[in-house]
Amino acid sequence: MSERTLELVAVPDIAPTHPRFDWALVWTLVRREIRDSLRDWRIVIPIGLLTLLFPFVMNFMADVVFDFLERYDATIIGERFVPFGLLAVGFFPMSFSLVIALESFVGERERNSLEALLATPAGDVELYLGKLLASLLLPLLASYIGIAIYTVSVVWERRWNLPASVFAQVVALTTAEGLVMVTAAVLVSSHTTSVRAANLLASFIIVPIAFLVQIESLIIFWGQEQALWWIVLGLLVLDVALVRAGIRTFNREAILAREIDFLNVERFARLFWHFFKAPPEEAAQVRQQYGGTPPSLQLGRIYRHDLPRLLAENRWGLAASLLTVVGGFLVGWALLTWWEIPPDFLDMRSFDPEAFRAALQRRGAAFALLPAFDFRAIFWHNLRVLLGGALLSLFSFGVVALLLLAAPMMIIGLLASGLAASSQNWLLFLAAFILPHGVIELPTVMLSTAFAVRIGAVMLNPPEGFSVGEAVVLALADYVKVLLFAVIPLLLVAALVEVYITPNVVVWLYS
Amino acid sequence: MSERTLELVAVPDIAPTHPRFDWALVWTLVRREIRDSLRDWRIVIPIGLLTLLFPFVMNFMADVVFDFLERYDATIIGERFVPFGLLAVGFFPMSFSLVIALESFVGERERNSLEALLATPAGDVELYLGKLLASLLLPLLASYIGIAIYTVSVVWERRWNLPASVFAQVVALTTAEGLVMVTAAVLVSSHTTSVRAANLLASFIIVPIAFLVQIESLIIFWGQEQALWWIVLGLLVLDVALVRAGIRTFNREAILAREIDFLNVERFARLFWHFFKAPPEEAAQVRQQYGGTPPSLQLGRIYRHDLPRLLAENRWGLAASLLTVVGGFLVGWALLTWWEIPPDFLDMRSFDPEAFRAALQRRGAAFALLPAFDFRAIFWHNLRVLLGGALLSLFSFGVVALLLLAAPMMIIGLLASGLAASSQNWLLFLAAFILPHGVIELPTVMLSTAFAVRIGAVMLNPPEGFSVGEAVVLALADYVKVLLFAVIPLLLVAALVEVYITPNVVVWLYS
Amino acid sequence: MAVVEAVELTKRFGTITAVSGVSFQVHEGEVLALLGPNGAGKTTTVRCLAAILQPTAGHVRVAGYDTRVAPRQVRRLVGLLTEFPGLYGRMKPMEYLDFFGAMHGLDGQTRRQRAEALLKQFGLWHARDRRLGQFSKGMRQKMALVRALIHAPRVLFLDEPTAALDPEGAYQVRQAIADLRRQGHTILLCTHNLVEAETLADRLLIIHEGRIVARGTVEELKEQVLGPPVFRVRLADRLDGTLDAVREVIEPLDWDADGFRYRTTTPEQTNPAVLARLHATGVRVISLEPEPRRLEDVYLHLMGAVS
Amino acid sequence: MAVVEAVELTKRFGTITAVSGVSFQVHEGEVLALLGPNGAGKTTTVRCLAAILQPTAGHVRVAGYDTRVAPRQVRRLVGLLTEFPGLYGRMKPMEYLDFFGAMHGLDGQTRRQRAEALLKQFGLWHARDRRLGQFSKGMRQKMALVRALIHAPRVLFLDEPTAALDPEGAYQVRQAIADLRRQGHTILLCTHNLVEAETLADRLLIIHEGRIVARGTVEELKEQVLGPPVFRVRLADRLDGTLDAVREVIEPLDWDADGFRYRTTTPEQTNPAVLARLHATGVRVISLEPEPRRLEDVYLHLMGAVS
């Protein structure tokens with residue numbers, strides 16, 4: 001310690017009129033973080049290798065294969081391979097750069113540098129946005145560089161003309177995927193207690209996006225590039241939801257106060273049981289006092305009170321289901337012209353109700369448009385799809401549940417539009433094959449979907465005072481309640497109708 | 001503190017004849033680790049989900065697709081899809097369980113619990129094996145459970161007969177892949193300074209194995225299942241090398257002494273330069289005193305002394321190259337019968353040397369068996385393949401470099417065997433098309449490959465006193481030396497011969 | 001003037017109450033030491049004062065700003081030395097200080113000037129080209145202190161400033177704190193080192209399970225817990241009959257072959273009288289010294305009393 | 001009898017020499033404190049003694065076993081309390097001790113018996129059903145000490161046993177160490193807390209940059225560095241002419257209005273003479289006390305001298 005006296009420059013107090021939000025602080029934070037990341041060889045080397053060498057390696061491997069196949073038809077392979085290569089080249093550096101985003105908060109917390117940051121005048125939103133942008137820029141840059149290198153090498157070396165629209169799509173997709181992955185990772189980072197936990201949870205970000213990339217590749221190979229823009233749009237919507245959820249649930253209190261958490265399975269199990277038994281409006285109260293004896297479950301109350309109330313509370317989920325049903329049907333209808341399908345692929349004019357009835361009575365090869373004529377099989381199949389949707393909803397913020405509802409509606413829409421385009425009576429078809437059981441089945445599936453969506457969506461927007469975990473447990477409890485007391489009975493009825501009534505309606509209407 | 005006096009049970013000293021290796025200690029360690037992992041919900045939940053739900057999800061997705069495609073030909077899809085599904089279902093839980101292996105040493109070091117373990121009587125080998133087994137068992141178990149669930153669901157639900165041989169192959173492959181990933185991860189864990197670094201390096205384990213899984217899938221779709229056993233064998237050999245390297249390079253000194261390392265790029269660059277300039281036998285000395293002025297590089301010395309000495313030092317690499325060349329040729333020869341290729345796919349009896357000469361003079365469409373007749377193109381192509389092989393060698397412990405050497409030899413072997421089987425003069429063919437430039441090119445490529453292999457192999461077995469990083473830098477410096485002063489000049493000559501001499505030999509011999 | 005003021009400060013995390021109805025003030029230019037066992041709520045209190053946490057009930061005001069109403073202003077006025085230095089290991093000192101200066105809204109020139117002056121003052125200027133990750137523990141702690149000072153805060157909160165430092169490093173940091181105090185900084189000091197608290201603090205606040213169990217100057221607390229000072233007389237000769245003579249002046253607490261102990265609130269009068277008596281009886285005195293009254297005894301006594 | 005013996009112990013890491021030619025012995029039942037700044041080589045020395053690191057040159061013998069020849073035996077005889085407790089947070093106390101007992105080759109029954117006895121002795125028995133991750137800092141440190149004792153080691157190496165503990169926890173651990181010493185354990189103690197070293201250690205060893213710079217008992221080191229004791233006389237009256245009278249007996253070091261200081265090696269004779277003189281001149285004495293000679297002064301003096 002020098003003996004010099006402290007003669008320091010005076011610093012003015014902060015103005016009481018200081019703006020509530022200050023971009024300068026955000027950028028200060030971003031600059032520091034990026035500079036720090038660029039100095040960390042454990043980040044720079046792997047990302048650098050992936051960014052710079054992966055395109056080269058990809059190209060090199062293609063070289064080896066192409067050289068061998070050159071005599072056949074390399075251009076088709078090129079047309080299919082290049083957009084896929086671009087997607088992969090953009091995705092890989094991004095997914096590995098996730099480590100930056102995953103560490104953004106929890107890493108600083110583990111290294112004890114977070115508190116000093118929280119002690120600066122920066123507010124919660126500034127901190128969150130700063131971390132988010134800092135985590136985003138480097139991965140995004142890495143992706144762009146990878147795409148650029150690959151594009152140049154493809155265009156220059158292979159002299160293959162990359163359509164600008166494909167390039168724009170790949171860049172848009174990569175950007176949207178990157179936004180979703182990074183915002184989700186920063187969200188995870190601000191809600192976990194250790195880097196280890198954050199890294200493990202990363203699988204739940206990378207795996208769905210990797211699946212999405214594969215689906216996108218399929219779409220490219222299939223030649224339906226326009227559909228990619230819908231994926232971009234969907235990703236952007238999800239991203240806005242994630243950023244909003246991040247800002248909403250971030251607070252410096254929780255992040256400092258959180259201690260190493262043993263997963264309290266028992267607590268969650270008890271909480272589930274209490275939520276399940278209590279009426280919906282008492283959830284907030286139950287959350288705080290779940291220690292006591294659970295409230296009693298009265299069957300009468302469930303039907304008179306709980307289910308109506310749950311429906312009212314989950315009107316957004318029901319609206320999303322309804323929109324999906326209508327939208328799915330309309331998209332299916334439109335597919336006929338989009339995909340240039342011959343309209344008479346389904347010819348009901350030659351449909352012979354007597355042969356249909358005979359086939360049914362033989363119980364052998366069932367008519368193609370209806371599955372095996374066994375109501376248990378139908379029931380199990382429907383239930384499994386619904387349960388699968390609910391489960392995957394948890395890992396996709398609800399999206400998969402909606403997609404699984406949209407798919408059959410699209411098929412029905414496609415069938416109907418085909419009949420209409422070939423001047424057949426599509427209303428008769430719907431009335432005969434779909435309506436009899438559909439009048440029960442469709443609302444049931446929509447009901448299940450509405451509550452399945454909530455399981456995933458609630459993570460982005462937990463009820464006031466609920467932790468994410470508690471919110472999911474509540475949504476699960478509500479889902480199980482709806483499932484047991486409404487969906488399963490209705491599904492059974494619908495399956496019985498489908499097997500014992502629908503065929504008769506078909507024969508009657510088509511005779 | 002209670003005031004009770006210490007009346008403790010007496011404990012005997014360890015016997016001076018204590019065994020040098022004690023399995024009891026290994027198992028004590030393994031039991032503790034596994035119990036600990038099973039208590040960590042951040043491990044159990046993601047792995048449990050992947051193990052239990054991934055097969056279900058995979059099956060469920062197949063359901064949705066199959067239902068739609070049922071009218072077409074589902075059995076073929078099943079036959080192709082199920083082995084692939086088994087591979088994926090075994091691979092996923094394993095790759096995510098890697099986190100256990102990656103943390104094995106460096107995680108304990110970060111949590112400060114390692115020193116207490118090092119203070120127990122257990123020796124280095126016991127500690128290493130204990131950690132290795134503990135890291136291995138859980139991932140392997142998870143994989144087996146995943147495979148079992150998927151198998152049961154496929155066999156039971158889809159009533160598809162899974163051949164026992166396919167099942168055995170998948171289990172063998174999964175086990176071998178798991179062994180390689182886990183041993184590599186434990187190796188990484190005992191040589192890194194932070195969990196973060198270990199996690200980043202994990203990409204270099206998972207990505208190659210994921211590629212391998214894709215290659216295996218291709219092999220399955222291609223119907224060449226027998227080739228999978230060679231992959232199993234190769235993986236097991238690699239695994240033995242990894243375990244050996246792990247035990248050899250593990251020591252409790254290094255693991256405690258290591259501090260947070262800034263990647264000293266400058267140091268490695270200087271080290272590279274010094275290694276490059278110094279004669280090979282002075283490497284160990286250079287490593288310690290690289291601070292001074294580099295030794296001078298004398299061109300004469302390089303050719304008189306350095307290159308011969310490097311060849312002598314790297315006789316194992318040269319032997320591996322030779323073995324690969326011979327083996328590749330023989331495998332190629334054998335492929336004809338294995339793959340039941342019609343032997344006269346290449347008919348040299350109708351070969352017209354005059355037409356060939358004319359084609360050459362037109363410089364248009366080149367004869368298929370020789371690439372574009374431009375010596376620069378040939379040179380660049382060869383150089384790029386060699387450099388690519390050297391680069392990928394670094395990430396595959398040398399394997400890729402050897403594979404790239406084996407591939408053309410297999411093609412030559414296949415061509416030769418085809419000619420032989422259809423009673424044509426295959427020796428004449430080789431003498432005309434391959435020998436003239438091959439007499440220079442083949443040794444050159446073998447030379448490059450021998451030193452490229454060393455870049456990867458040296459990581460498993462660094463020279464006495466060298467760190468892994470230093471060993472790689474040395475191998476790189478030697479590679480560059482061999483490349484600049486031998487490989488590049490020889491490749492140029494070979495390319496010139498191929499363009500200006502080989503065609504004339506072809507015309508002369510076939511006329 | 002109270003620069004820092006906590007009024008019935010209460011902080012709960014879920015069902016746990018970390019701080020419960022704590023009220024105190026830190027006056028301009030004063031060093032207040034906050035003592036208490038781990039988990040007593042010291043760090044939570046400091047975080048509330050620094051506007052990092054919001055109180056569940058009660059108020060905190062720093063220089064008149066309420067932390068709930070104007071947290072930015074409070075954080076601007078406060079310098080916080082956290083329990084662990086937690087530096088960014090890849091940055092160099094000037095960069096590091098520049099970053100925190102910018103986060104506090106200082107302009108570039110002020111940041112540079114203050115950073116340089118502080119690094120020189122704390123003897124870190126020679127290490128300005130090294131990365132913080134290569135600093136020794138003591139240098140890191142001093143660097144964290146410099147960070148807390150970069151924006152010229154009116155108030156300093158120091159959480160365990162010398163923990164984990166070697167004796168020399170701890171000495172240097174203590175000297176630095178004494179310097180800062182001399183320059184008029186208002187300081188709140190959390191520490192487990194009672195010798196340090198005794199040396200540096202004007203007043204002490206002892207908290208236990210989120211409540212204040214004792215407060216006052218070191219002397220007041222010693223007086224309160226241990227009673228008036230005790231003096232010990234060591235004799236060169238055997239005690240024998242001399243005690244009776246001494247008893248005319250004071251009543252000894254206890255005695256042995258070497259001497260005796262007594263308690264007095266007026267040593268200026270009593271001690272010379274005792275010595276005079278002893279001299280009169282011809283007993284030779286080697287020393288007459290006040291018994292050391294360690295703050296540790298006070299602390300352990302208080303902790304024993306409340307738990 | 002020397003239970004631990006280091007002979008010209010040297011340890012290099014790459015180009016860095018952490019310990020350089022250090023020789024010392026720890027005798028049966030003795031507590032030796034190892035002091036020195038961070039990075040002086042204390043932890044490396046302890047790790048060499050515990051056969052975790054192998055010396056680059058020189059020898060280490062524990063109970064006659066050379067760490068190079070019989071590292072297993074040495075590790076079996078040594079209990080090591082590491083600088084950070086580093087427990088396995090998901091285990092319960094009995095499981096934890098059982099694991100380390102098994103690693104030391106104890107049979108199941110012995111493990112259980114010793115674990116229970118030690119947990120009871122260290123006041124952790126009530127927490128036997130909690131996970132170690134939920135322990136407080138003090139409990140963790142005690143748990144780490146119990147771990148180091150599970151295999152009844154003849155020698156204990158304690159690295160910073162009370163760092164980061166609150167005063168009560170530190171007091172308890174110090175009591176525990178004192179107990180262990182009373183039971184005849186041989187202990188090597190690394191600490192930054194000089195008061196602790198002074199209280200607990202029989203002998204001190206001060207190292208700096210890998211070399212021993214001082215050794216001896218506390219009193220020897222104080223004598224050596226600070227010279228003979230200094231006494232201070234506080235007077236109730238003004239000094240005025242009395243100094244001349246005092247000068248007949250001793251030469252004061254310095255004086256002020258309140259009194260004066262002098263140095264003497266024979267307080268038993270000198271002090272009564274001084275008091276007699278003062279009495280004769282009619283000056284009233286409030287106190288005559290030896291000046292506190294803190295180990296910190298010794299330490300800082302030594303560090304200043306070598307660096």
Side-chain angles (χ1 to χ4, degrees), chain B residues 1-20 22 24-29 31-33 35-41 108-124 126-127 130 251-259 288-289 291 467, chain D residues 13-15 18 44 47 50-54 63 65 70-80 82-91 95 99-100 102-106 109-110 113-114 117-118 120-123 125 131 142 144 147-149 151-152 154 157 172-173 175-176 179-180 183:
Chain B
M1 171 73 48
S2 88
E3 291 302 313
R4 220 171 308 213
T5 47
L6 193 68
E7 272 183 58
L8 295 174
V9 188
V11 168
D13 275 6
I14 203 168
T17 56
H18 190 82
R20 289 187 63 86
D22 187 352
L25 294 183
V26 175
W27 288 120
T28 303
L29 203 58
R31 269 201 312 276
R32 193 206 77 74
E33 297 264 336
R35 202 183 295 156
D36 220 33
S37 294
L38 288 177
R39 276 189 190 141
D40 189 350
W41 68 269
E108 282 222 37
R109 186 175 179 271
E110 275 196 357
R111 290 189 289 277
N112 297 312
S113 56
L114 187 62
E115 195 176 354
L117 202 58
L118 297 182
T120 64
D124 285 358
E126 285 147 351
L127 285 180
N251 84 60
R252 57 184 82 206
E253 302 244 337
I255 212 167
L256 275 181
R258 210 172 290 122
E259 288 305 319
Q288 290 184 318
Q289 307 161 348
S467 79
Chain D
F13 297 106
T15 54
T44 303
R47 285 176 177 172
I52 291 178
L53 299 179
Q54 291 298 339
Y65 290 111
R72 275 171 197 274
Q73 276 79 359
V74 170
R75 291 201 286 264
R76 179 64 192 72
L77 291 167
V78 163
L80 175 65
T82 51
E83 190 177 348
F84 303 97
L87 309 178
Y88 296 119
R90 274 177 218 92
M91 296 181 103
E95 285 178 320
F99 168 67
F100 277 96
M103 289 303 283
H104 279 98
L106 308 192
Q109 202 199 347
T110 312
Q113 286 176 1
R114 279 195 62 83
L118 283 165
K120 282 178 176 161
Q121 195 206 350
F122 282 82
W125 184 244
R131 303 218 181 274
K142 281 197 272 180
R147 172 192 69 208
L149 289 167
H151 55 292
R154 286 182 62 187
F157 297 147
Q172 290 178 354
V173 169
Q175 291 297 100
D179 283 358
L180 290 168
Q183 291 152 22

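Hydrogens, waters and symmetry mates play no part in the numbers below; they use all other heavy atoms, side chains included. Per chain, numbering begins at 1; letters A, B, ... match sequence-line order.
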Side chain from CB out, backbone as N, CA, C, O: work out which of these in D/F100 comes under 4.5 Å of a heavy atom of chain B, or both, or neither.
side chain

Side chain proximity check, B/R32 to D/M103, heavy atoms < 4.5 angstrom
no

When the 4.5 angstrom heavy-atom criterion is applied to D/I52 and chain B, the contacting part is both

Please identify each residue that fulfils salt bridge (Lys or Arg N to Asp or Glu O under 4.0 Å) with D/E83, with sequence neighbours left out.
C/K137

Judged by atom type as modelled, is there a donor-acceptor pair below 3.5 Å linking the side chain of D/R75 to the main-chain atoms of B/T120?
yes

So what's closer than 4.5 Å to chain D heavy atoms on B/L117: side chain, backbone, both or neither?
both

At what distance, to the nearest 0.5 angstrom, does CG of B/L118 lie from CG of D/L53?
9.0 Å

Greatest number of heavy atom pairs closer than 4.5 Å to chain B - which of D/F84, D/Y88, D/W125
D/Y88

Suppose we screen for side-chain hydrogen bond (donor to acceptor under 3.5 Å, both in side chains). Which residues come up paired with B/E33, at least two apart in sequence or across chains?
B/K131

Tell me the closest heavy-atom pair linking B/S113 and D/G86, and the distance in Å.
CB-O, 3.0 Å

When the 4.5 angstrom heavy-atom criterion is applied to B/R35 and chain D, the contacting part is side chain

Which atoms of D/Q54 come close to chain B, meaning under 4.5 Å heavy atom to heavy atom: side chain ones, backbone ones, both, or neither?
both

For the interface with chain D, which of B/A122, B/A116, B/G123 has the highest count of heavy-atom pairs at distances below 4.5 Å?
B/A116

So what's closer than 4.5 Å to chain B heavy atoms on D/A102: side chain, backbone, both or neither?
both

